[in-house]
Chemist: 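One structure is given below, represented as structure tokens, and several questions about it will come after.
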Number of protein chains: 2
Amino acid sequence: MRAEALKGHLDGLLLATLEDGPQHGYAVKEALRDTTGGRLDLPTGTVYPALHRLERAGLIKGSWSVVGGRRRRTYELTEQGRRSLAGARDHWQEFAAVISAALGGGPWPATN
Amino acid sequence: MRAEALKGHLDGLLLATLEDGPQHGYAVKEALRDTTGGRLDLPTGTVYPALHRLERAGLIKGSWSVVGGRRRRTYELTEQGRRSLAGARDHWQEFAAVISAALGGGPWPATN
DNA sequence: TCCCTATAGGTAGGGTCCCTACGTATTGGA
DNA sequence: TCCAATACGTAGGGACCCTACCTATAGGGA
């Protein structure tokens, strides 16, 4: 996974991870790693600032708690975040179609 | 097309455009616009610096000419550029699969 | 007991890269 | 005569992800 390739696509991934229920930041990072078979193992210096950004934007809402002696900040999608996620999925579909068309080198979707 | 979404994917698109034969910069920009149905209409401030970057990296080779009173810089893929294009296509396939898996919200590839 | 790992959060600074805004020049049509 | 299209270019900025580092607790192994 090239580093800069992710730019502009991270927010949607984080929102999608929170779609099925609230999670704390570290769990979001692990969930992304798991759902991608370990291919998207983001550093914490990427995940936490991104979550802060989403919260400032009103797409997620965070709240502190303490579990097992460790403090956690649990995030959940706001209504606005849910709409943004839907938009991110649409944009991704279009983006992927455009890039695949321009990149060529075989039909898209890949026939595998 | 969100602006920052393209980051890290542009080089492959430019290389792909040059795959079927040499072209000058302005023609590359137009070809990209045409093959994507106008959805990827890059500003010249994006295309020219990117071509310069690719040439510095040895992936394309440019040469000046004059056609119809206008000077042109025509680019062609180098062997290294051809290999890089193949790599870019592989990376894109993996990247798209990873993002699609993490973004969810329906099967991938899109059923259209 | 000590240390290391996993868990859980955080920030500062940097680098990449695409875009905006501008500039130069020629050709050709309105 | 003027404007659009063609054709090239650069400077500066902003967005954003990563590297590197920091704090803290729980728990297992030596």
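Being a predicted model, the structure only gives us computed values, none of them experimental. Residue numbers start from 1 in every chain, and the chains themselves are labelled A, B, ... in the order their sequence lines are given, proteins ahead of strands. What's counted below: heavy atoms across the whole structure, side chains too, no hydrogens, waters or symmetry copies.
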Chemist: Looking only at side-chain atoms of Lys7(B), point me to the closest of dG14(D), dC17(D), dA5(D).
Modeler: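 Out of dG14(D), dC17(D), dA5(D), the nucleotide with an atom closest to Lys7(B)'s side chain is dG14(D).
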
Chemist: Please report, rounded to the nearest Å, how far the C1' atom of dA21(C) is from the OH atom of Tyr48(B).
Modeler: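 Whole-Å distance recorded here is 16 Å.
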
Chemist: Which whole-number value in Å describes the distance from Asp34(A) CG to dT7(C) P?
Modeler: 11 Å

Chemist: In whole Å, what is the span from the NZ atom of Lys29(B) to the P atom of dC8(D)?
Modeler: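 To the nearest whole Å, that distance equals 11 Å.
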
Chemist: Once you round it to whole Å, what is the distance between C1' of dT16(C) and NE2 of His9(B)?
Modeler: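 The distance from NE2 of His9(B) to C1' of dT16(C) comes to 13 Å, rounded to the nearest Å.
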
Chemist: Let me know the distance between CG of Leu14(A) and C1' of dC17(D), rounded to the nearest Å.
Modeler: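 My rounded result for the distance is 12 Å.
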
Chemist: In whole angstrom, what separates Glu30(A)'s CD from dG9(C)'s P?
Modeler: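 Atom CD in Glu30(A) sits about 10 Å away from atom P in dG9(C).
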
Chemist: Angle between ring planes, His9(B) versus Phe95(B), binned at 30° and 60°: parallel, tilted or perpendicular?
Modeler: tilted

Chemist: If you check every side-chain atom of Leu6(A), which of dG10(C), dG9(D), dC17(D) has the closest atom?
Modeler: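 In terms of side-chain proximity for Leu6(A), the closest of dG10(C), dG9(D), dC17(D) is dC17(D).
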
Chemist: With respect to the side chain of Tyr75(B), which nucleotide from dC17(D), dC18(C), dG9(D) is positioned closest?
Modeler: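 Among dC17(D), dC18(C), dG9(D), the one nearest the side chain of Tyr75(B) is dG9(D).
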
Chemist: On DNA chain C, check which nucleotide each of Arg70(B) and Arg73(A) is closest to and give me the residue with the more 5' one.
Modeler: Arg73(A)

Chemist: Identify the heavy atoms of Gly62(B) and Arg73(B) that sit nearest to each other, and give their distance.
Modeler: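 Of all heavy-atom pairs spanning Gly62(B) and Arg73(B), the closest is O-NH2, 3.3 Å.
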
Chemist: Do Leu13(B) and Leu40(B) come close enough that some side-chain heavy atom pair is under 4.5 Å?
Modeler: yes

Chemist: Could you tell me if the side chain of Leu85(B) sits less than 4.5 Å from the side chain of Asp11(B), heavy atoms only?
Modeler: no

Chemist: Which nucleotide, dC17(D), dA7(D), dG9(C), lies nearest any side-chain atom of Arg71(A)?
Modeler: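 Shortest atom-to-atom distance from the side chain points to dG9(C).
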
Chemist: Choose from dA5(D), dC18(C), dG9(C) the nucleotide whose nearest atom is closest to any side-chain atom of Arg72(A).
Modeler: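 Of all the options, the side chain of Arg72(A) is nearest to dG9(C).
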
Chemist: Taking 4.0 Å as the cut-off, does a side-chain nitrogen or oxygen of Tyr26(A) come that near to OP1 or OP2 on dG9(C)?
Modeler: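 False: Tyr26(A) side-chain N/O out of range (4.0 Å or more) of dG9(C) OP1/OP2.
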
Chemist: Assess whether side chain to side chain contact (heavy atoms under 4.5 Å, CB included) is satisfied between Leu51(B) and Tyr75(B), documenting all intermediate values.
Modeler: CA-CA 8 Å; Leu51(B) 288 171; Tyr75(B) 295 101; 3.7 Å; yes

Chemist: Which sits closer to the 5' end of DNA chain D, Gly68(A) or Val47(A), going by the nucleotide each is nearest to?
Modeler: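 Looking at the nearest nucleotide for each, Val47(A) comes out on the 5' side.
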
Chemist: Given dG9(C), dG9(D), dC18(C), identify the nucleotide with an atom nearest to the side chain of Trp64(A).
Modeler: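 Taking heavy atoms from C-beta onward, the closest nucleotide is dG9(C).
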
Chemist: Could you state the atom-to-atom distance from CG of Leu51(B) to P of dC18(C) in whole Å?
Modeler: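 Checked: the CG to P distance equals 11 Å.
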
Chemist: Rounded to whole Å, how long is the line connecting atom CD of Gln23(A) with atom C1' of dG9(C)?
Modeler: 16 Å

Chemist: Heavy atoms under 4.0 Å, any strand shown: does Gly45(A) hit a base, just sugar-phosphate, or nothing?
Modeler: base

Chemist: Would you say the base of dG9(D) and the side-chain of Thr44(B) have a donor-acceptor pair closer than 3.5 Å?
Modeler: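 Checked by distance alone, the answer is yes.
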
Chemist: Between Leu32(A) and Val47(A), does a side chain to side chain contact (heavy atoms under 4.5 Å, CB included) hold up when you go through it step by step?
Modeler: CA-CA 10 Å; Leu32(A) 274 178; Val47(A) 175; 5.8 Å; no

Chemist: Given dT11(C), is OP1 or OP2 found less than 4.0 Å from the side-chain N or O atoms of His52(A)?
Modeler: yes

Chemist: Mind checking if Gly69(B) touches a base, just sugar-phosphate, or nothing, with heavy atoms under 4.0 Å?
Modeler: sugar-phosphate

